[in-house]
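Here, residue 1 is the first one in the sequence, and each next residue gets the next number. The figures that follow rest on heavy atoms only: side chains count, while hydrogens, waters and symmetry mates do not.
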Amino acid sequence: MNEVYINRTSHYFPNNPVSNDEMEEYLGYINGKPSKSRRIVLRNNGITNRYYALEKGGKTTHTNAQLTAEAVKELFKSDPEGIKNVEMCFPAVLPLPTRSCHRMV
């Protein structure tokens, strides 16, 4: 078995960051009302903003394939020809909701 090394990583965050106060404008409300536990959960998890592949109201702006393609393009931003030398690429995502990317700030 050949040894494999991770020698480069990248990321892509779609759209502008969404603050905790704006979350429900993108994801929607529960039974038309703001979440009662949202502030407690957000205070405990430490996330202050997130990136959604959504517009306000929940309309999708990027597919998973588009998010992956943008991250792969970022890998080769300084060497566009380098992608021709790649034998395999394993795009990976953290176990997060399909249409979101989170970052601790």
Peer 1: Atom OG in Ser37, atom CZ in Arg43: separation rounded to 0.5 Å?
Peer 2: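 Spacing of OG (Ser37) from CZ (Arg43) equals 11.5 Å.
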
Peer 1: Nearest 0.5 angstrom please: Ser19 OG to Ile47 CD1, how far?
Peer 2: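 Between atom OG of Ser19 and atom CD1 of Ile47 there are 13.0 Å.
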
Peer 1: Once rounded to the nearest 0.5 Å, what's the spacing between atom OH of Tyr12 and atom CD of Glu74?
Peer 2: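 Rounded to the nearest 0.5 Å, the OH-CD separation comes out at 10.0 Å.
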
Peer 1: If every non-hydrogen atom of Met23 is compared with every non-hydrogen atom of Leu42, which pair is closest and at what distance?
Peer 2: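 Here Met23 and Leu42 meet closest at SD-CD1, 3.7 Å.
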
Peer 1: Could you walk me through whether Tyr52 and Leu27 pass the side chain to side chain contact (heavy atoms under 4.5 Å, CB included) test, one step at a time?
Peer 2: CA-CA 9 Å; Tyr52 292 119; Leu27 300 177; 3.3 Å; yes

Peer 1: Begin with the C-alpha distance, continue with both residues' side-chain angles, and end with the deciding distance and a verdict on side chain to side chain contact (heavy atoms under 4.5 Å, CB included) for Phe13 and Arg50.
Peer 2: CA-CA 9 Å; Phe13 295 115; Arg50 60 222 359 96; over 6 Å; no

Peer 1: Between CG of Asn20 and CG of Asn45, what distance do you get to the nearest 0.5 Å?
Peer 2: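 Answer rounded to 0.5 Å: 7.5 Å.
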
Peer 1: Can a donor-acceptor pair be found, under 3.5 Å and without considering hydrogens, that links the side chain of Glu70 to the backbone of Leu67?
Peer 2: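 Such a contact is absent between Glu70 side chain and Leu67 backbone.
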
Peer 1: Please give me the minimum heavy-atom distance between Tyr29 and Lys33, naming the atom from each residue.
Peer 2: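 Closest heavy-atom pair between Tyr29 and Lys33: CB-O, 3.3 Å.
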
Peer 1: Are Lys84 and Asp79 ion-paired here, with the side-chain N under 4.0 Å from a carboxylate O?
Peer 2: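 A salt bridge is absent here (no side-chain N lies under 4.0 Å from a carboxylate O).
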
Peer 1: Would you give the length of the straight line joining atom CG of Leu54 to atom NE2 of His62, rounded to the nearest 0.5 angstrom?
Peer 2: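 Output value for this atom pair is 10.5 Å.
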
Peer 1: Between atom CD of Glu55 and atom CG of Asn15, what is the distance when rounded to the nearest 0.5 Å?
Peer 2: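 Output value for this atom pair is 7.5 Å.
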
Peer 1: Is there a donor-acceptor pair under 3.5 Å between the side chain of Glu25 and the backbone N or O of Gly57?
Peer 2: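 The answer is no, because no donor-acceptor pair under 3.5 Å joins these two groups.
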
